[in-house]
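Read through the structure below, which is laid out as structure tokens, and then see the notes.
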Amino acid sequence: MPELPEVESVRRILVDGTPSLLGAVVWNVDILRASVVDGLSTEQLRRQVEGATVHEVFRHGKYLFFRLSNARGTNFCWMAVHLRMTGRLFLVSEESAIAPHTRFVLHLENRQVLRFDDPRAFGRVWLVSDPAEVISRLGPDALAIGKDMFLQRLSGQRRQLKPLLLDQSFVAGLGNIYVDESLFRARLHPLQSVTGLRGDERERLFAAVHEVLQQAVDCKGANIDGVFEAGNFPVAVYGRNGTPCPVCGSSIVKLRVAQRGTHLCPSCQPMN
DNA sequence: CACTCTACCTGTGCGC
DNA sequence: TGCGCACAGGTAGAGT
């Protein structure tokens with residue numbers, strides 16, 4: 001499931017790869033499944049995006065924003081993309097094999113295409129005039145946030161750690177995998193409430209979230225069930241129930257917390 | 001406010 | 001072999 005590190009990895013490939021999406025002109029748009037377009041008609045989206053130039057790709061949490069201008073450079077808008085569970089973006093030559101669940105295609109100059117492939121079809125594409133329309137509903141980016149801001153936001157909270165960290169309005173970018181990995185690194189139980197955390201435990205939580213996400217970005221994300229072929233972030237607990245804890249050797253257990261599969265080491269992550 | 005549940009989707013893996 | 005089913009989970013929106 002693409003979370004912050006995987007989405008950042010996609011952004012870097014699109015911006016820094018050869019070819020780059022920056023400066024590319026969109027000749028036309030194919031929408032193979034109308035439901036991926038959210039909040040406006042496929043015709044409205046096509047009208048805005050066809051002929052546009054891509055000037056910038058930026059990420060906040062798990063959201064990607066593509067800054068577009070029309071041919072004259074007089075009219076700007078942003079194309080927003082959320083990959084949700086199984087969405088992938090490929091910038092490839094138009095001759096390359098088409099993934100079987102391609103939902104959306106931007107045809108670019110020089111026979112390049114940007115394809116959005118998504119087996120479960122949860123992912124969405126839409127347009128905004130300002131990314132703030134989306135970001136204002138979200139907390140600070142989970143990788144960009146500093147310790148002081150993190151501790152300040154934590155101080156206003158009383159909730160259990162797992163649902164809190166999954167809440168995109170607290171910090172944006174963590175999903176089920178990296179919440180479990182962060183809590184393991186912080187040696188904190190997912191059901192622990194913020195209220196019961198000591199100061200050193202709050203600092204440990206910040207450090208764990210930051211280190212896990214930074215390491216995962218450096219690894220180009222994780223590779224769960226072969227979904228993210230490029231990533232090699234070493235998962236310690238997610239999906240590893242029944243296997244030995246890499247720190248103490250105890251058996252990793254799986255609970256259900258906030259309707260999510262939740263993996264932890266019961267001896268490394270005790271409750272206060 | 002905090003939580004729980006459901007809908008949206010489809011590929012996978014299980015039991016029978 | 002094949003069928004039915006539970007399961008995976010990010011987000012929005014409704015309900016408790």
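Lettering follows sequence order; numbering is per chain, from 1.
Salt bridge A/Arg12/A/Glu8: present, at least one basic N to carboxylate O contact under 4.0 Å. A/Arg59 and A/Asp141 are joined by a salt bridge, as a carboxylate oxygen and a charged side-chain nitrogen come within less than 4.0 angstrom of each other. With salt bridges taken as basic N to acidic carboxylate O contacts below 4.0 Å, none links A/Lys62 and A/Glu3.
The nearest heavy atom of DNA chain C to A/Leu138 and to A/Arg256 marks one nucleotide each, and the one closer to the 5' end goes with A/Arg256. Remark on DNA chain C: of its neighbouring residues A/Arg260 and A/Lys254, the 5'-side contact belongs to A/Lys254, judged by nearest-heavy-atom nucleotide.
Taking every heavy atom of residues 150-173 of chain A and every atom of DNA chain C, pairs under 4.0 Å involve A/Gln168, by number. For DNA chain C, the residues of residues 117-128 of chain A within the heavy-atom distance limit of 4.0 Å (strictly under) are A/Arg120, A/Phe122, sorted by number. A heavy atom lying under 4.0 Å from DNA chain B marks none of the residues of residues 209-217 of chain A.
Residues forming a side-chain contact (heavy atoms from CB on, under 4.5 Å) with A/Val253 (at least two apart in sequence, or on another chain): A/Leu264, A/Pro266. In this structure A/Ser193 satisfies the side-chain contact (heavy atoms from CB on, under 4.5 Å) test together with A/Thr195, sequence neighbours excluded.
Taking each heavy atom of A/Leu188 and A/Glu201 in turn, the nearest pair found is CD1-O, 3.8 Å.
Using a 3.5 Å distance cut-off with no hydrogens or angles, the side chains of A/Gln214 and A/Asp218 do pair a donor with an acceptor. Between the side chains of A/Ser9 and A/Lys220, no donor N or O sits under 3.5 Å from an acceptor N or O. Counting only N and O atoms by type, the side chains of A/His263 and A/Asp180 include a donor and acceptor under 3.5 Å apart.
A tilted orientation is assigned to the rings of A/Phe150 and A/Phe206, their planes being inclined by 30° to 60°. Below 30°, between 30° and 60°, or above 60°: for A/His55 and A/Phe76 the angle between ring planes is between 30° and 60°, a tilted geometry.
The side chain of A/His101 places an N or O atom within less than 4.0 Å of a non-bridging phosphate oxygen (OP1 or OP2) of B/dG11.
Around CE of A/Met271, the count of heavy atoms belonging to other residues, nucleotides or ligands within 6.0 Å exceeds 12.
Taking the six-membered ring wherever Trp is involved, the centroid distance between the rings of A/Phe233 and A/Tyr178 falls below 6.0 Å.
Once you apply a 4.0 Å limit to the heavy atoms of chain A, the touched nucleotides of DNA chain C run 5' to 3' over C/dA8 to C/dA12.
For A/Leu83 and B/dT10, the CG to C1' distance is 17 Å, given to the nearest whole Å.
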